[in-house]
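See structure below.
If you read the sequence from its start, that first residue is 1, and numbering goes on from there.
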Amino acid sequence: MVDGRTVTFSSSFDARRAGIETVYQDLSLAPDLPVWANIFLGREQTVKGPLAKVGWLDRRAMARAAEADLERTHIRIGSVNSLAGRLSGGQRQAIAVGRAVAWGSKVILMDEPTAALGVEQQAKVGELVRSVSDQGVPVLLISHNLPQVHALCDRVAVLFRGKVVADLRPSQCSVEDIVLWITGASLTTATGRGDQSLTGAGDGG
């Protein structure tokens with residue numbers, strides 16, 4: 001559902017037009033392009049006037065807009081003219097998040113955003129998630145980093161064997177409680193019969 005309406009998308013382009021953006025685990029960045037070009041990847045702006053007919057890119061406008069988008073999310077990566085491939089893992093993650101924030105007005109999906117990052121860089125990504133959420137944009141975080149999930153999220157939906165088995169509130173449960181649902185141990189306790197194929201809903205309270 002988007003804005004309280006049930007929607008069906010036939011392609012990722014439909015979802016993007018509806019204001020839904022995704023930060024993928026592999027980031028989907030072009031390492032040989034500068035930061036601003038990655039922000040506008042697939043959405044390039046052309047200059048106005050006769051040169052627009054030949055698709056002449058308005059690089060200055062895109063660079064200025066990219067700086068504003070990154071500033072809005074408190075992302076610090078230096079110059080938007082830096083090549084993405086020369087930045088650290090955390091900085092590249094910030095570019096992907098900044099791009100999603102620039103275009104995602106309704107929902108941002110983050111798939112394992114801290115995968116392959118060090119502890120310090122994971123903390124930076126956590127700050128980015130909070131910054132995006134503070135702007136009123138819902139963030140759906142898909143992650144196996146349970147301590148970070150517990151620290152950042154308002155709700156935790158737990159999947160077991162492809163089904164949602166629990167809807168938890170981190171303020172009312174611990175990381176260990178989430179682990180019990182992920183492994184199916186809480187399902188065993190809930191049924192009293194060891195039937196781990198049960199689909200149910202659990203409240204962390």
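For D14, the salt bridge (Lys or Arg N to Asp or Glu O under 4.0 Å) criterion is met by R17, not counting sequence neighbours. Applying the side-chain hydrogen bond (donor to acceptor under 3.5 Å, both in side chains) test to D32 and every residue at least two apart in sequence or in another chain returns nothing. Under the rule for a side-chain hydrogen bond (donor to acceptor under 3.5 Å, both in side chains), S82 has no partner lying at least two apart in sequence or in another chain. For S28, the side-chain hydrogen bond (donor to acceptor under 3.5 Å, both in side chains) partners two or more places apart in sequence, or in a different chain, are D26.
Counting heavy atoms from C-beta on, the side chains of H150 and I178 come closer than 4.5 Å. Contact check for M62 versus L57: side-chain heavy atoms found under the 4.5 Å cut-off.
How far CG of L29 is from CG of L83: 12.0 Å, rounded to the nearest 0.5 Å. Taken to the nearest 0.5 Å, the CG atom of L152 stands 4.5 Å off from the CZ atom of R130.
For the residue pair D177 / S174, a side-chain donor-acceptor distance below 3.5 Å is found, with atom types taken as modelled.
Sorted by first and then second residue, the pairs that involve residues 38-67 and meet ring-ring contact (aromatic ring centres under 6.0 Å, His included), not counting sequence neighbours, are F40-W103. For residues 58-70, the set of pairs meeting the side chain to side chain donor-acceptor pair (under 3.5 Å) definition, not counting sequence neighbours, is empty.
Closest approach of I95 to I39, counting heavy atoms only: O-CD1, 3.7 Å. Closest of all the heavy-atom pairs between C153 and P170 is O-CG, 3.2 Å.
Taking 4.0 Å as the cut-off between side-chain N and carboxylate O, E21 and R99 do not count as a salt-bridged pair. The pair D154-R169 fails the salt-bridge criterion, with no side-chain N (NZ, NE, NH1 or NH2) lying under 4.0 Å from an Asp/Glu carboxylate O.
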